[in-house]
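Have a look at the structure below before the remarks.
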2 protein chains.
Amino acid sequence: MSFDERKKTRVTLLDVARHANVSRATASLVLRKSPLVGSETRSRVEQAMRDLGYVYNIGAARLRVERSQIIGAIVPNLTNPFFAELLSGIEEVIGETGKVVILANSGDRVERQATLLQRMREHGVDGVILCPAARTEPALSEEIADWGMPVVQVLRHISFDIDYVGADYAAGMRQAVDYLASLGHAKIAFAAHGSVQSAYQERVDGFRDAMLSKALDPGILIHFPTQLGEIASATHLLFDRATRPTAVICFNHLVALGLSAGLHDCGLTIGRDLSLIGFDDVADEEAIRPKLTSVSTGPVTIGEMAARLLLERIANPDLPPRRVVNDTTLHIRQSCGRPM
Amino acid sequence: MSFDERKKTRVTLLDVARHANVSRATASLVLRKSPLVGSETRSRVEQAMRDLGYVYNIGAARLRVERSQIIGAIVPNLTNPFFAELLSGIEEVIGETGKVVILANSGDRVERQATLLQRMREHGVDGVILCPAARTEPALSEEIADWGMPVVQVLRHISFDIDYVGADYAAGMRQAVDYLASLGHAKIAFAAHGSVQSAYQERVDGFRDAMLSKALDPGILIHFPTQLGEIASATHLLFDRATRPTAVICFNHLVALGLSAGLHDCGLTIGRDLSLIGFDDVADEEAIRPKLTSVSTGPVTIGEMAARLLLERIANPDLPPRRVVNDTTLHIRQSCGRPM
DNA sequence: GAAACATTTTAGATCGATCTAAGTAACCAG
DNA sequence: CTGGTTACTTAGATCGATCTAAAATGTTTC
């Protein structure tokens, strides 16, 4: 394995074959661990690979065989720890199978999402895990079907024709509302945030249904700004209404963090002056004091499940579309008390 | 563009060429926007591409041309928001150039990192942004040189022969120590955490040097557990020593979050009973109360700079190795006061 | 010793683009 | 009308693997 040998041009399977005195075809069989080749030949070829510092060229192989070993993942926002945990679950499962994940950030914008999907098609990905940008047209699902590209939707969905993995947001809302109601709360606000998409809608609807089923007023819905810093300073929005809520359910962990800080700034004690329930329960919420009672949706698990579903879909493209809805759990900590 | 036409086999450049009555070569020229082809021909070919729903096959092109348009990124931990922000910066810059990022998580383990590097070589990445796992052998840099693979180290470094982008941890420590000293603190602890690697060492050394240059005792170094939840409950470690610190500088934002919660649990008021300075300053720190005074290292910026450096390195492999060290800034908020 | 069979090995076509070197057509100057 | 130029266009080799169909080799059976 002289310097020149490796530097001049890439070591190819043909080089290996020559070095081991076999044909390119045989070397290829060794590479793919075929039982056809004799054990003596096999070890000779393997030795040659080591001697020459051979590196398998997946790209070349893919040209022949329809499998790129690449999976795409498109999320609307990378800096949101919730999506980071999701990705971590995806990468974990995909990585175990020897495949590789292409990461892309749509910025929650439909045009950028279209560009990214196109780019992934050009790279010949085996499939894509997509958290659709807000305001994605349902027609996208037909395009995807036309392309014949295996896709799994996560967290948000635009179509029932495509596999979907998410959490049972409605059940989560019910858990939160029931718990607050059991403490005696009647004036419960929902602190929303972000763009309108299916997950948003499901949470809002879930909140309304849960409130109605307890015969409570579901009308206190307040929309907070996007940036974490701005949420805290917009806390007063909670108190600008005729009916002042005694408890607040947050849309996600960002709102929970923001309000937790904002309420502190207002001089209010969470759990006494106002009860607060978070949603999503990412790791950082551990650090909030008082500890936040929160509905956990398990982003890492959802990522893992989405990855597994995609692998199954790739293996068997003719399966009917499936929906996997992860259970939510209410973690009761310290941020809720009886109304004053 | 009948259903069959697209479904049966992939539409290839040859199909496009035939449909537009030109040769494959001409179609290829159109694809690459060569000025050689006549405008009438060009638009005919472009129309044909649209008619047939042609998708460029980067994989096939790569076989001929030495450019995969794929960049690798290897980080030790995806769920840490610090790395998520780093990735976001990387993806942003790489994405703008039309390239794509392969994401991988080494789990801070050397063997896994080796597997991932190998996998990326097989995928023919144009280059890799690597945050080396703890205890990576410096010899890895020679292997990388042998491979001829463009690599940029981020945040941590194992060799001076490879480009590096990081933050000026030592200066950050100096800013923190100087500030605390100016408030009158003398007994300042350093709350460390995580695996030992270059960034760890630089922070610890930076702390020591800064303390010594103020003629203060640099010996109060306390190591905290890895998990966020465990950090809070290990807060007492701060007070187990003969000399009780009046201020604490945290290794990173995780320690800052953990201690912030832990001190609250101990019934101590941050900024009055004990001063706390964070490090890294990721977005979530906005939500801590009292607001955390913190040294910002700018992970998004570092990611962007690393991506740009890698692109330059790819364009010009013979450049001498470079080191880019981002300035840190001390954001003074509310978590520090005069010692009691 | 030939036929039948199992076990290995291989030549050559193939995937879908790019690149080289050569070809064609149109135009202009002399 | 010839030779030179410019402006396009193209045939065919090539990148590095896989796959098919066939060949070579070894083994057993009658």
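Chain naming here is simple, since letters A, B, ... match the order of the sequence lines and numbering starts at 1 in each. Note that the structure is predicted; figures quoted are calculated from it, not measured.
- One atom, CZ of Arg62(B), and another, P of dC15(D), lie 17 Å apart when rounded to the nearest Å.
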Residue pair Arg156(B), Asp108(B): steps toward the salt bridge (Lys or Arg N to Asp or Glu O under 4.0 Å) verdict: CA-CA 12 Å; Arg156(B) 308 173 180 178; Asp108(B) 219 5; 3.0 Å; yes
For Arg10(B) and Glu122(A), what are the C-alpha separation, side-chain angles and deciding distance, and is it a salt bridge (Lys or Arg N to Asp or Glu O under 4.0 Å)? CA-CA 12 Å; Arg10(B) 185 188 252 288; Glu122(A) 294 181 349; over 6 Å; no
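- Summarising the geometry, the separation between CG on Leu63(A) and C1' on dG16(D) is reported as 9 Å, rounded to the nearest angstrom.
- Between the CZ atom of Arg121(A) and the P atom of dA17(C) there is a distance of 13 Å, rounded to whole Å.
- Regarding His123(B), its NE2 atom lies at a distance of 14 Å from the P atom of dA17(D), rounded to whole Å.
- OP1 and OP2 of dA13(C) both lie 4.0 Å or more from every side-chain N or O belonging to Arg64(A).
- The side chain of Ser23(A) contributes no N or O atom lying less than 4.0 Å from OP1 or OP2 of dT9(C).
- For the pair Arg42(B) CZ and dT10(D) P, the interatomic distance rounds to 14 Å; values are reported in whole Å.
- If you take CD of Glu122(B) and C1' of dA17(D), they are 13 Å apart, rounded to a whole angstrom.
- Arg24(A) comes within contact range of at least one nucleobase, with a heavy-atom separation under 4.0 Å.
- For the pair Leu36(A) CG and dA22(D) P, the computed distance is 17 Å after rounding to whole Å.
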Run the side chain to side chain contact (heavy atoms under 4.5 Å, CB included) check on Arg44(A) and Thr41(A) step by step: do they pass? CA-CA 5 Å; Arg44(A) 198 146 38 90; Thr41(A) 315; 3.9 Å; yes
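- One finds a side-chain N or O of Thr41(B) lying less than 4.0 angstrom from the OP1 or OP2 phosphate oxygen of dT9(D).
- As judged by a 4.0 angstrom heavy-atom cut-off over every strand, Ala60(B) is placed among the base-contacting residues.
- In this structure, Leu29(B) reaches the bases: a heavy-atom distance under 4.0 Å links it to at least one base atom across the strands shown.
- Atoms CD1 and NE2, on Ile70(B) and His123(A) in that order, are 5.5 Å from each other to the nearest 0.5 Å.
- Side-chain contact between Met305(B) and Leu309(B) is absent, with no heavy-atom pair separated by less than 4.5 Å.
- In this model, the phosphate group of dA17(D) is not approached by any side-chain N or O of Ser28(A) to a distance below 4.0 Å at OP1 or OP2.
- Distance CG (Asn57(B)) to P (dC15(D)): 18 Å, rounded to an integer number of Å.
- Summary of the strand contacts: Ala25(B) and Gly59(A) both lie near DNA chain D, and taking for each the nucleotide with the nearest heavy atom, the more 5' one is attributed to Ala25(B).
- A close approach under 4.0 Å does occur between a side-chain nitrogen or oxygen of Arg32(B) and OP1 or OP2 of dT18(C).
- Note on Thr12(B): every side-chain N or O is 4.0 Å or more away from OP1 and OP2 of dG16(C).
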